[in-house]
2 protein chains.
Amino acid sequence: MSDDARTTETRRRLIEATMETIRTQGIAKVSARTIAAAGGVNQALVFYHFGTVDALIAHACVVSTRERVDSFRARFDAVTTFTGLVQLGRTLHEEEAALGNVTVLGQTLAGSQANPALAAATGEALGMWTEELERVLGRLLADSPFGELLEPRLLAELVSSAFIGIELVAPTRVADGYAAGAGGIPGGGGAAARTMDTAGDALARLEGLARSIDGLGPVARRALRTALRRV
Amino acid sequence: MSDDARTTETRRRLIEATMETIRTQGIAKVSARTIAAAGGVNQALVFYHFGTVDALIAHACVVSTRERVDSFRARFDAVTTFTGLVQLGRTLHEEEAALGNVTVLGQTLAGSQANPALAAATGEALGMWTEELERVLGRLLADSPFGELLEPRLLAELVSSAFIGIELVAPTRVADGYAAGAGGIPGGGGAAARTMDTAGDALARLEGLARSIDGLGPVARRALRTALRRV
DNA sequence: GTCTATATTTAGATAGAC
DNA sequence: GTCTATCTAAATATAGAC
């Protein structure tokens with residue numbers, strides 16, 4: 001095997017191992033050693049190929065997002081209704097359970113707080129999703145009663161941010177019953193167990209709403225458009 | 001000063017220092033030492049009073065959220081329109097810039113991925129916000145054309161998750177122009193600079209939408225309700 | 001390009017003096 | 001209850017052999 005091919009292979013393994021580690025252990029537990037262990041390569045290679053751990057994370061974030069977005073582009077383009085868009089969102093949510101790119105974005109997002117390099121990478125990755133969404137929304141909104149009220153760009157930013165928030169919150173909704181450390185939480189604990197799959201449920205209901213909007217007859221559409229214009 | 005009073009004071013300082021450190025440096029940089037430095041207390045006191053760093057973070061998360069939620073309860077109760085609710089959201093967003101409880105929740109949320117104790121605490125804290133929101137939405141939805149389509153609980157979960165997502169994404173929208181590490185990003189970079197304050201802008205526009213819904217006349221309301229029921 | 005040390009720093013946690 | 005000192009584990013990063 002040529003050195004060139006080995007480089008490519010090693011870099012690929014490191015990037016995949018980075019994704020996997022972030023997904024399963026969270027950004028806090030990611031280190032050159034955990035990544036190397038997950039990828040079955042030597043720890044020093046992280047620094048040889050990427051310079052720093054942060055650079056590897058940033059790189060992995062952008063590269064893997066590009067792959068995922070590319071694999072969704074055709075499906076975005078095929079969307080013609082709000083219902084279809086929400087359904088695509090559900091598909092994304094389900095595929096994410098397995099592949100976890102959005103989960104990774106959530107993690108890098110959190111890590112971006114005090115890390116400008118990571119923030120730039122996360123922003124770029126997020127921007128790829130937003131761009132796709134913006135194109136679709138531009139088409140859909142033009143024909144909807146909301147066309148004059150909502151800008152595609154803004155709504156796209158809003159929706160993608162919200163999507164990430166929802167995917168991030170989901171895990172905390174499984175386990176409940178907070179156990180305090182030394183000292184205890186005054187008045188803490190209690191709170192009935194929450195059993196909701198927020199993301200899945202929400203998207204399912206949202207689909208109902210989308211179906212309603214798509215299904216509005218011409219009379220209702222005109223009435224709504226007029227009402228909205230009055231403000 | 002009695003030992004009891006000193007305990008209270010030290011614990012209070014540790015909790016505030018924890019919040020401050022998470023806010024300014026992110027959850028990744030939080031340690032017993034950084035917290036102690038921020039609070040001007042000894043590092044060993046973290047373990048004496050809270051046992052572990054995680055327990056302190058969990059405690060700070062829940063306690064400080066309770067304070068913030070309490071300070072907002074009256075304002076939630078005073079809301080009577082969707083417009084008013086969005087305006088309250090804007091107020092929250094602005095106060096957050098200074099106090100940053102939601103930012104902290106975003107950080108602990110990310111840290112919750114592989115940390116059940118933290119996940120439980122974050123879930124509880126988040127649940128406090130959701131509960132308030134659910135009460136308000138319950139009132140508002142009952143009188144709206146959407147009452148039959150949206151459950152207050154689900155919408156509240158959705159909105160609070162989205163809010164966190166938006167607050168988390170905001171920082172990545174300031175700086176742009178991603179600089180790659182060794183090797184560079186193939187085809188990376190570029191992408192026109194984004195200058196949007198997503199959270200602020202989005203809430204401003206959302207207020208317009210809310211105003212529209214609140215301003216719907218009886219005819220439009222009936223039409224909309226009928227249209228929605230048809231699905 | 002890859003591996004084995006290893007230097008250095010930082011973090012979690014505890015013991016024991018005050 | 002608080003502080004100093006210290007042990008241990010883990011992380012970043014580099015040097016040098018292969």
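We use all heavy atoms of the structure for the numbers below, so side chains are in, but hydrogens, waters and symmetry mates are not. Residue numbers begin at 1 in each chain, while the letters A, B, ... track the order of the sequences.
Taking both residues in full, the closest heavy atoms of Leu150(B) and Leu141(B) are given as O-CD1, 3.7 Å, listed atom of the first, atom of the second, then distance.
Of the candidates Thr18(B), Leu14(B), Ile15(B), Ile15(B) is the only one forming a side chain to side chain contact (heavy atoms under 4.5 Å, CB included) with His59(B).
By the 4.0 Å N-to-carboxylate-O rule, Glu9(A) lies close enough to Arg12(A) to be salt-bridged with it. Salt-bridge formation is not detected for the pair Glu67(A)/Arg73(A): no Lys NZ or Arg NE/NH1/NH2 atom is positioned less than 4.0 Å from an Asp or Glu carboxylate oxygen. Under the 4.0 Å criterion applied to side-chain N and carboxylate O atoms, Arg153(A) and Glu157(A) are assigned as salt-bridge partners. Of the charged side-chain nitrogens involved, none lies within less than 4.0 Å of a carboxylate oxygen, so that Arg66(B) and Glu132(B) do not count as a salt-bridged pair.
Only Arg33(B), Asn42(B), listed by number, bring a heavy atom of residues 28-42 of chain B to less than 4.0 angstrom from any atom of DNA chain D.
The nearest whole Å value for the distance from the CG atom in Leu45(B) to the C1' atom in dT2(D) is 5 Å. With rounding to whole Å, Phe50(A) atom CZ is found 11 Å from dG1(C) atom P. Distance, His49(B) NE2 to dA13(C) C1': 16 Å, rounded to whole Å. Rounded to whole angstrom, the span from the CG atom of Leu56(A) across to the C1' atom of dA11(D) amounts to 15 Å.
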Check nucleotides 14-17 of chain C against the protein and report each pair of N or O atoms closer than 3.5 Å, with its distance, or say if there are none.
none

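Both the sub-6.0 Å distance and the 45° axial angle are satisfied by Arg11(B) relative to the ring of Phe50(B).
At a cut-off of 3.5 Å, with distance as the only test, a side-chain donor of Thr108(B) or Thr122(B) sits close to an acceptor on the other residue.
Across all strands shown, Val53(A) has heavy atoms under 4.0 Å from sugar-phosphate atoms exclusively, and none from any base.
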